There are 2 protein chains.
Amino acid sequence: MRRSIAAQAVSGNSRLGDPNLARLADPELAERRRRQIMDAAIACFRRRGFHQATMAEICAEAEISAGALYRYFSSKADIIGAIAEDKRGENDEAFMRAAEQHGFIAALCLSARSFFEKFAEGDGALIAEIMAEAIRDNAVSEPLRTTDSASVQIFIRALVAAQARGEVDATLDPEIATNTLFATLEGIGLRRAFCRETDVEAAISQFRALAERYLEPRK
Amino acid sequence: MRRSIAAQAVSGNSRLGDPNLARLADPELAERRRRQIMDAAIACFRRRGFHQATMAEICAEAEISAGALYRYFSSKADIIGAIAEDKRGENDEAFMRAAEQHGFIAALCLSARSFFEKFAEGDGALIAEIMAEAIRDNAVSEPLRTTDSASVQIFIRALVAAQARGEVDATLDPEIATNTLFATLEGIGLRRAFCRETDVEAAISQFRALAERYLEPRK
DNA sequence: ACCTGAACACCGTTCAAGT
DNA sequence: ACCTGAACACCGTTCAAGT
């Protein structure tokens, strides 16, 4: 998902304080270069993984020199952080519409599908690597948490609406429940990738069964 | 958890076919050296992470030369694989006893506690890195899956017993339910590490609420 | 300002030489 | 057989020099 420069400026941009990147004159060129490098890096990371892919490969793929790359990203970890930040929130709009039209659980399963499809396409290890890098490195996780929070807020709103409709148990704390759902989604995706199970439909029905029982109104 | 040489030989040992390691004469020395290297690596990985820790550091910590290390492990990934394999199943015995005495869900929360404590102690990134490495590299994941299967089998047996007692919904498929519980455990641990939430009690109650609702008998 | 690419520092792995 | 440690191949990052 491409994001406008305005959107970049609004959300937490970890590069603002970087002295190395402070003297970029043309913001449009900067955005184009970042996009160019990120696209190249995505291709390389998917092919070989974050730690296997080399900066030389990314430079070749982006048709740029190493020196130029480091004008726009301060490190390899910075690139993966930007990629992850960019990918999050892609499905938020689709989720919101689906939640209004088909209910919370149906919308949840729609998000689950697009998430599980990434694992089936072989992005599982990359997602785990991003996770590891984010847990280890605050510089990676901080901007990611900002984006994550935005998604969580959207899901919380939809969950509260579903509780008001009686679709979801009203005694659940909306924030905890949302975080739990996000956690189970990631957990199921990672575990299935670990077990080499690539059936997306099976993953969705596994997640759906869990979500339905968790969210079901008690009496 | 230290495992006997016999146990090593029984479970899937990925080194058997390695030509480099074929001519180890004294199996007792080999086991001692492997232990020595793994303990040193655990210390280094915990301090600095899998990719940050260098082989030189591990060699220094283990008081062994680089050449000697490579007699017992074929690569850095091989070491993390052996560590992960070694750590799995540590709690299986404790779980089994607790399941018989205090019921399935209580035993589950006991396992959850020791798992979440690892995250609180700062092993979250390492667990994610092991996950990533296992997803990416079959040589890492194969022995891990063997150990994982053994744990799953134990939990399945306890789950079936709990279903027979009416403690857990009998319509749940035991294998799917067990895998789902493992996935949610990992997912909650990783997500909380990502969010920098280190409260173990909160993690357990989050997991317990999910597990209780998921497993509760329907009518 | 923006870029290039050689140079630097470092790290995983190997291998000739020693006991 | 078991070990050492220098050497090798490679990679992330920097920086002097060019436009």
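In what follows, every heavy atom counts, from backbone to side chain, and hydrogens, waters and symmetry copies are set aside. Proteins come first, then strands; the chains are lettered A, B, ... in the order of their sequence lines, and each starts at number 1. All values derive from a computational prediction rather than experimental measurement.
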Can you check whether [X] reaches [Y] side chain to side chain, under 4.5 Å on heavy atoms?
| X | Y | answer |
| --- | --- | --- |
| Glu186(B) | Met131(B) | yes |
| Phe116(B) | Ile188(B) | yes |
| Phe45(A) | Ile83(A) | yes |
| Ile64(A) | Arg71(A) | no |
| Leu210(B) | Leu210(A) | yes |

Notebook entry, point to check: Does the side chain of Arg136(B) come under 3.5 Å of the side chain of Gln52(A) through a donor N or O and an acceptor N or O?
Noted result: no

Check: What dot-bracket string describes DNA chain D from 5' to 3', counting Watson-Crick and G-U wobble pairs whose defining distances are under 3.5 Å, with [ ] for crossing pairs and | for pairs to another strand?
Finding: ||.|||||...|||||.||

Notebook entry, point to check: In residues 52-60 of chain B, which ones come under 4.0 Å of DNA chain C, going by heavy atoms?
Noted result: Ala53(B), Thr54(B), Met55(B)

Check: Under 6.0 Å between ring centres, would you say that holds for Phe155(B) and Phe95(B)?
Finding: yes

How many whole angstroms separate atom [atom1] of [X] from atom [atom2] of [N]?
| X | N | atom1 | atom2 | result |
| --- | --- | --- | --- | --- |
| Arg48(A) | dC10(D) | CZ | P | 12 Å |
| Glu133(B) | dG12(C) | CD | P | 12 Å |
| Tyr70(A) | dC15(D) | OH | C1' | 13 Å |

Check: Would you call Glu197(A) and Arg191(A) a salt bridge, using N to O less than 4.0 angstrom?
Finding: no

Next item on the list: Output yes when Asp86(A) and Arg35(A) qualify as a salt bridge under the 4.0 Å nitrogen-oxygen rule, no when they do not.
Entry: yes

Notebook entry, point to check: If the sugar-phosphate is the primed atoms plus P, OP1 and OP2 and the base is the rest, what is the B/S/- string for nucleotides 1-7 of chain D, using protein heavy atoms under 4.0 Å?
Noted result: SBSBB--

Item checked: Residue among Ile156(B), Val160(B), Asp173(B) satisfying side chain to side chain contact (heavy atoms under 4.5 Å, CB included) with Thr178(B) -> Ile156(B)

